[in-house]
Amino acid sequence: MTNPLLEKFETPFESAPFSKIKNEDYKPAFIQAIEEAKAEIDAITANPEAPTFANTIEAMELSGEKLGRISSIFFNLNSAETNDEIQEIAQEVSPLLSEFGNDVRLNQDLFERIKIVYNQKESLILTDEQAYLLEKKYKGFSRNGANLNEEDKNKLREIDKQLSMLSLQFGQNVLAETNAYELIITDENDLKGLPQYAIDQAKADAEQKNHEGWLITLQAPSYIPFMQYAENRELREKLFRANGVKAYQNNEFNNEENVKNIVKLRHERAKILGYKTHADYVLEERMAKTPTTVLDFLNDLLTKAKPFAEKEIEELTAFAKETDGIETLQRWDHAYYAEKLKQKKFSLSDEELKPYFQLENVIQGAFDVATKLYGITFKEIHNIDKYNDEVTTYEVLDKNGAFLSLLYADFFPRAGKRPGAWMTSYREASNVNGNTKRPHVSIVCNFTKPTKDTPSLLTFQEVTTLFHEFGHALHGMLPNTTYESLSGTNVYWDFVELPSQFYENFCYEPEALKLFAKHYQTGEIIPQELIEKVKASSSFMEGYQTVRQLSFGLLDMAYHANDLAEINDLQQFEKETFKQTELYPEIDKNMMSTSFSHIFQGGYSSGYYSYKWAEVLDADAFAFFQETGIFNPETAQKFYKLLSSGGTVEPMKLYEEFRGHKPTADALLKRAGLV
């Protein structure tokens, strides 16, 4: 019986043959692919010829291709289309992958060959990209323990194995808790204030689970509208508290010990490698470079934003008291009264905007903006295998009609899909020795599903989310690079959010909105008056949002820029950290850390600050477009070069080449109304 994961993919564009892959194929495929990758590494170290860039560095870059392909398919599905069996396999294969990774990184013979090439770098004739790859490979080994003694290497192996398991368990617990919670409403009065689309969705969700009445869940398309519109304050509190104890309850899905162990092991790992803290280790390979730079950056923004945030909460408190006699405004009141105050100040609500943002039109709008900027085009195709019928597939072509990329788009919540929105790759770009491979990119979101009567209509926040993820996708689809490990989004973590956050800016520009913001029933283009309101309201509650975002970055740094050998009380630790950013009364049982997937499951540990860091870059970059015209071909071409360069150039150098100077926070502060 053949295993489709181990065969050449005889499919259009060598795309993943999802329908042929069975769960039982994964583990044997991983085991065989690991063996093949080991053999490729052994062939490099056993080569009797003197080490060269080609027979060592490039050979390493090309090794493990099959393993990478299998891993990307499996772990992407573990996020977007998981089940108990896949989660079990993930627990089994993660330690194997961790062990193999360490076998490579701690391979002394391999490192000796790399060192020989590295020490000759001044005399070698290399392209800039090859020189950068050599630097990256050398650092990858020296930073990850290649110079350690055997005892420490073994400690490192054990820590990495444990960390891979803990991270997986953390994510599985969050997903289980998100899926488990159900608020069943049987009294129609409890739906008062909710827009019709949210009521219809709640009804459909209830029917799907064979419940009477309406079902509200912790999935974003259900949770957010309820917190924003439901008049029943008690139910808002109930839902908020349920969300606040995700993976922080006395059950099998509690993540407290997982958080403590992850933090402790990361610190131990950093110490073994010769770094003061995990943050020192991580930030060495970031634009920010040190924890001090990050903390100064976050605290400086906090100093500027907090007075604005406090004024906003004062105004909101007075408004809630005047409107409904609320004496003490609580966190579960924020979204509800902020929405009402926004309507009062700007005569603008999501309900008014949603009819202009039919999902299909917004997708087309994201495509059309990219076409106007870069000349690339998108064509829906139906001959690509998909992992779920809800996924849509596109062929992406460059301005000359040549194939650029495959794009998978997956937009609706499912039980097997983790919450949130993300971009990922099934295959990355490379072009070594004329063997051109173009990327296969995916964007995954959790938007409101269409109902029997209404298409999927997006809130404005969902529109910006789609543009955000599509900005990442462009970064992944456009590489003009040779090596896979330097292509697309393989850049410094505090640079990776620039393309995504930059793309969000087009959602506020009349010239761009007119391309796609059309009423789903009449086809009428969004009125200029509404566009003006969108722009005017774009900095509404920006002080509050900024402080909230900074609080997450500071929590991340509190965990990772300190020696936390023992954290006895996780909630107390979190409360102490949040004290300087707190704008609402404390809640007795509430925890963010146990569901903070970005830093405990994703790759954002010591990197959550990068959202704000990249906002400085994106505001400064978009200011350039505004100065020259948002679709100015010359400016767009410069940004295209930045996107297509991937990780082949130091990010600051790449940015300065595009902008003509280093970024400043002026444009961000002005855009956010914080000056």
Side-chain angles (χ1 to χ4, degrees), residues 30-31 33-47 51 53 55-72 75 93-119 121 132-168 262 265-275 277-286 428 483-486 490-493 560 603 605-607 647:
F30 271 114
I31 290 168
I34 287 171
E35 287 309 311
E36 288 181 22
K38 279 181 181 172
E40 288 165 349
I41 295 296
D42 290 344
I44 296 169
T45 56
N47 190 336
F53 179 86
N55 72 19
T56 302
I57 307 302
E58 198 167 77
M60 268 181 61
E61 175 71 12
L62 297 174
S63 70
E65 185 195 353
K66 191 180 286 183
L67 180 60
R69 181 181 74 180
I70 295 165
S71 296
S72 68
F75 286 103
V93 301
S94 290
L96 303 179
L97 292 168
S98 174
E99 194 175 340
F100 168 70
N102 277 325
D103 283 344
V104 174
R105 285 190 295 270
L106 302 176
N107 184 321
Q108 197 58 39
D109 293 338
L110 186 60
F111 186 49
E112 290 305 321
R113 288 185 71 92
I114 293 166
K115 267 201 284 195
I116 290 169
V117 181
Y118 184 76
N119 290 334
K121 62 180 178 178
Y132 206 78
L133 182 69
L134 173 57
E135 188 78 29
K136 188 179 173 184
K137 292 291 183 200
Y138 177 77
K139 273 189 182 173
F141 275 72
S142 59
R143 274 172 45 81
N144 282 290
N147 289 314
L148 295 176
N149 61 45
E150 279 309 307
E151 187 187 345
D152 284 341
K153 281 182 180 177
N154 288 331
K155 281 185 194 169
L156 196 70
R157 286 176 187 276
E158 190 50 40
I159 286 172
D160 285 346
K161 197 183 289 187
Q162 288 180 56
L163 281 171
S164 74
M165 297 293 286
L166 287 166
S167 172
L168 258 181
I262 289 170
L265 288 168
R266 282 173 176 169
H267 184 73
E268 278 179 32
R269 187 181 194 279
K271 295 292 278 185
I272 289 170
L273 291 168
Y275 295 87
T277 66
H278 178 69
D280 287 275
Y281 166 74
V282 168
L283 293 168
E284 186 179 66
E285 290 287 278
R286 301 287 189 265
E428 305 211 46
Y483 300 107
E484 185 177 308
S485 68
L486 299 177
N490 291 307
V491 297
Y492 280 179
W493 209 262
H560 294 118
S605 66
S606 305

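- Between the side chain of Lys161 and the main chain of Pro95, no donor-acceptor pair closer than 3.5 Å is present.
- Note that CD of Glu112 and CG of Asn107 are 10.0 Å apart. Values are rounded to the nearest 0.5 Å.
- Put simply, the side chain of Phe141 reaches to within 4.5 Å of the side chain of Met60, judged on heavy atoms.
- Scanning for side-chain contact (heavy atoms from CB on, under 4.5 Å) contacts around Ala59 gives Ile44, with sequence neighbours left out.
- Pairing each heavy atom of Leu133 with each of Ser485, the nearest pair is CD1-OG, 3.5 Å.
- The backbone N or O of Leu148 lies less than 3.5 Å from no partner atom in the side chain of Asp152, so there is not a single donor-acceptor pair.
- Put simply, the side chain of Phe100 reaches to within 4.5 Å of the side chain of Leu67, judged on heavy atoms.
- Not counting sequence neighbours, the partners of Lys121 by the side-chain hydrogen bond (donor to acceptor under 3.5 Å, both in side chains) test are Tyr118, Glu135.
- A search for ring pair (Phe, Tyr, Trp, His ring centres under 6.0 Å) contacts involving His278 returns His560, not counting sequence neighbours.
- In this structure, CD1 in Ile70 is found 9.0 Å from CD1 in Ile34, a value given to the nearest 0.5 Å.
- For Glu40, the CD atom counts as densely surrounded, since its 6.0 Å shell holds more than 12 non-hydrogen atoms of other residues, nucleotides or ligands.
- Rounded to the nearest 0.5 Å, atoms CG (Asp103) and CG (Leu110) are 11.5 Å apart.
- Between Lys271 and Glu268 there is no salt bridge, since no side-chain nitrogen of the basic residue lies less than 4.0 Å from a carboxylate oxygen of the acidic one.
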> Run the side chain to side chain contact (heavy atoms under 4.5 Å, CB included) check on Met165 and Gln162 step by step: do they pass?
Replying inline: CA-CA 5 Å; Met165 297 293 286; Gln162 288 180 56; 5.9 Å; no

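- With hydrogens and angles ignored, the 3.5 Å screen pairs no side-chain donor or acceptor of Lys136 with any backbone N or O of Gly647.
- Between Trp493 and Glu285 the shortest side-chain heavy-atom distance does not fall below 4.5 Å.
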>> Assess the residue pair Ser606 and Tyr281 against the criterion (side chain to side chain contact (heavy atoms under 4.5 Å, CB included)); give the C-alpha distance rounded to whole Å, side-chain angles, the decisive distance to 0.1 Å, and a yes or no.
In response: CA-CA 9 Å; Ser606 305; Tyr281 166 74; over 6 Å; no

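- Judged purely by atom type and a 3.5 angstrom limit, Arg269 has no side-chain atom pairing as donor or acceptor with the backbone of Leu156.
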> Taking it one step at a time, do Arg157 and Glu99 satisfy salt bridge (Lys or Arg N to Asp or Glu O under 4.0 Å)?
Replying inline: CA-CA 7 Å; Arg157 286 176 187 276; Glu99 194 175 340; 5.7 Å; no

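- In terms of the side-chain hydrogen bond (donor to acceptor under 3.5 Å, both in side chains) criterion, residue partners of Arg113 (sequence neighbours excluded) are, by chain and number, Asn55, Thr56.
- Here the side chain of Ser98 pairs no donor or acceptor atom with the backbone of Ser94 at under 3.5 angstrom.
- Every residue was checked against the salt bridge (Lys or Arg N to Asp or Glu O under 4.0 Å) condition with Glu158, not counting sequence neighbours, and none meets it.
- Under the 4.5 Å side-chain criterion, counting only non-hydrogen atoms from C-beta, Ile159 is not in contact with Arg266.
- In this structure Lys38 satisfies the salt bridge (Lys or Arg N to Asp or Glu O under 4.0 Å) test together with Glu35, sequence neighbours excluded.
- Atom CD in Glu58 sits 12.0 Å away from atom CG in Leu134 (nearest 0.5 Å).
- When the ring pair (Phe, Tyr, Trp, His ring centres under 6.0 Å) test is applied to Phe75, no partner is found at least two apart in sequence or on another chain.
- Smallest separation of non-hydrogen atoms from Ala146 and Leu106: N-CD2, 4.1 Å.
- For the atom pair CG (Leu97) and OG (Ser71), the distance works out to 5.0 Å, reported to the nearest 0.5 Å.
- Note on Glu284 versus Arg143: salt bridge recorded, some NZ/NE/NH1/NH2 to OD/OE distance being below 4.0 Å.
- Shown here are the side-chain contact (heavy atoms from CB on, under 4.5 Å) partners of Arg105, two or more places apart in sequence or in another chain: Asn102, Asn144, Asp160.
- Among the candidates Asn147, Val104, Ile116, the single residue satisfying the side-chain contact (heavy atoms from CB on, under 4.5 Å) test with Phe111 is Asn147.
- Minimum heavy-atom separation, Val93 to Phe30: CG1-CD1, 3.7 Å.
- Partners of Ser164 under the side-chain hydrogen bond (donor to acceptor under 3.5 Å, both in side chains) rule, at least two apart in sequence or in another chain, do not exist in this structure.
- Remark: Glu151 engages Asn149, Lys155 in a side-chain contact (heavy atoms from CB on, under 4.5 Å) (not counting sequence neighbours).
- For Thr277 and Asp280, the side-chain atoms include at least one donor-acceptor pair closer than 3.5 Å.
- With sequence neighbours left out, Phe53 forms a ring pair (Phe, Tyr, Trp, His ring centres under 6.0 Å) with no residue at all.
- Shown here are the side-chain hydrogen bond (donor to acceptor under 3.5 Å, both in side chains) partners of Lys137, two or more places apart in sequence or in another chain: Glu61.
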